[in-house]
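Reviewing the structure listed below.
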Amino acid sequence: MNPHDFLDVDGELSDEERAIRDAVRDYGSAELLPHVADWFDAGTIPDPRGLARSMGKLGVFGMHLSGYGCAGTNAVSYGLACRELEAVDSGLRSFVSVQGSLAMTAIHKYGSGEQKQEWLPRMVTGEALGCFGLTEPDSGSDPGSMRTRARRDGDDWVLDGTKMWITNGSVADVAIVWARTDEGIRGFLVPTSAPGFSANVIHKKISLRASITSELVLDGVRLPKEALLPGAEGLKAPLSCLSEARFGIVWGVAGAARTCLLASIDYSKSRVQFDRPIGGFQLTQRKLADMLVDVNHAMMTALRIGRLKDAGLAHHAHVSFGKLANVRAAQRVAATARGIHGANGITLEYPVMRHMVNLETVATYEGTEEVHALTLGRAVTGLDAFR
Ligand code: FAD
């Protein structure tokens, strides 16, 4: 039996989807896997520009978008790319999610023709990097409470505020910044070279270490009126981008969980205690069976939501279902995998604890478990329990 894909979920894929899966998997094994433990150890991506160019060549940035050099694949293909990247590390999938699902999607959906022409062709190739600034020090699950303000001054806009926990913030060329205005929440394209803009790397993270996370400070950043995203009005605009990125997480965490399962099967067959491989003990086999079920459920959930999305039938609550179910499953799998590896499991020689701690971030960003539970509760009762 194939523990990698026990129920042959990938048997449902088209030839094109399979080809994309294999290309990203091969790239991950050759270009990312040999380095990722060192990057995690160093707490950074040492050459984000080089990584962006090589991922641009692979074609994963904004691959589900059309025009401007984007690949225009279906949602399932994008999900598969996320799965194969996160099988290596959640930080590397985040690198792609932020660029494609958040920054590029915001410009693609809500930008003017000029904004799209200026940024998208360079972002597809990885020549330019974007970040997405929604969260603030005092505004996380409730982004409607944001304090960052944009006020009109003649024809210009002036932005003041602080964004927190922004992936790729200090390496981006452009920040999509969401701010409160007299007309409600609006989005702005902020070149990171603008006077008054600064980004500070957040150090001492013990999760998602192979990823750059920053604080953005906007101190009287003056922008021309063309910096406003004309189509983005109200909170539903950033939330729609988040739903795209969450879709990638639904798939991605299935990859992280799969890596933990495969590592655990290998380890349990070779590690001998009490004169037997630990995989021969019933208690270990129970753990492996539970992990196998979680991984395959996660893969099926991802594919089903992907097919709904490609048919134009995915509601954002479906994505919440996937995020809640699959992140929880991946966390269970990674924690069990860590235990099966014993002391070795706490080192970077094995992938399991790296995935386990990464998943702490993945559980928090793009909506916590509680937020998605409330979304699902609202979807089935019609009653809003958010506040
Ligand atoms: P809080 O909202 O303060 O939540 C704290 C706890 O309270 C949670 O358990 C939460 O579930 C619970 N809670 C909140 N409201 C309710 C409620 N109504 N009912 C029950 N429980 C509730 N943000 C960006 O904008 N861009 C990025 O690129 C980005 N990258 C990130 C990278 C990393 C490594 C991390 C850790 C975060 C990143 N974030 C980013 C921020 C992330 O989206 C927020 O952390 C997330 O939205 C949660 O907000 P918070 O951390 O302020 O937690």
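Ligands are counted one by one from 1 in listed order, and the atoms in each one are counted from 1 as well.
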Notebook entry, point to check: Counting N and O atoms only, with roles assigned by atom type, does the side chain of Thr284 sit under 3.5 Å from a partner on the main chain of Ile278, one being a donor and the other an acceptor?
Noted result: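 Checked: pair present.
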Check: Looking only at heavy atoms, is any part of Leu208 under 4.0 Å from ligand 1, and if so is it the side chain, the backbone, or both, or is it neither?
Finding: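 Side chain only.
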Next item on the list: Between Lys205 and ligand 1, find which residue part has any heavy-atom pair under 4.0 Å and reply side chain, backbone, both or neither.
Entry: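 Lys205 to ligand 1: no contact under 4.0 Å from either part.
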Notebook entry, point to check: Given the rule in the ring pair (Phe, Tyr, Trp, His ring centres under 6.0 Å) test, do Trp178 and Phe132 qualify, once you have shown the distances and angles that lead to the verdict?
Noted result: CA-CA 8 Å; Trp178 302 93; Phe132 188 88; 5.7 Å; yes
Margin query: Quick test of your reading of the model: are Asp41 and Arg209 salt-bridged, counting only N-O distances below 4.0 Å?
Written below: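 Result for this pair is no, no salt bridge flagged.
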Checklist line | Sub-4.0 Å heavy-atom contact, Asp142 with ligand 1 | finding: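 Contact check Asp142 vs ligand 1: negative.
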At a 4.0 Å threshold, what atoms of ligand 1 neighbour a non-hydrogen atom of [X]?
X      : value
Glu366 : 43 (O)
Phe132 : 24 (C), 25 (O), 26 (N), 27 (C), 28 (O)
Leu134 : 25 (O)

Margin query: Once salt bridge (Lys or Arg N to Asp or Glu O under 4.0 Å) is applied, do any residues pair with Asp182, and if so which ones, sequence neighbours excluded?
Written below: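 Checked Asp182 against salt bridge (Lys or Arg N to Asp or Glu O under 4.0 Å); matches are Arg149.
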Notebook entry, point to check: With ILVMFWY side chains joined below 4.5 Å, transitively, what does Val362's cluster contain besides itself?
Noted result: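 Its cluster partners, ordered by chain and number, are Leu208, Ile249, Val253, Val327, Leu359, Tyr365.
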Check: Do the numbers put Lys309 on top of the ring of Phe247, so that NZ or CZ is under 6.0 Å from the six-membered ring centre and no more than 45° off the axis?
Finding: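 Judged by the rule, Lys309 and Phe247 form a cation-pi pair.
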Check: Nearest non-hydrogen atom to atom 48 (C) of ligand 1 belongs to which of Thr364, Leu102, Ile166?
Finding: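 Among Thr364, Leu102, Ile166, the closest heavy atom to atom 48 (C) of ligand 1 comes from Thr364.
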Next item on the list: Identify, for atom 15 (N) of ligand 1, the protein heavy atom at the shortest distance, and state residue, atom and that distance.
Entry: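 Result for atom 15 (N) of ligand 1: Ser141 CB, 4.1 Å.
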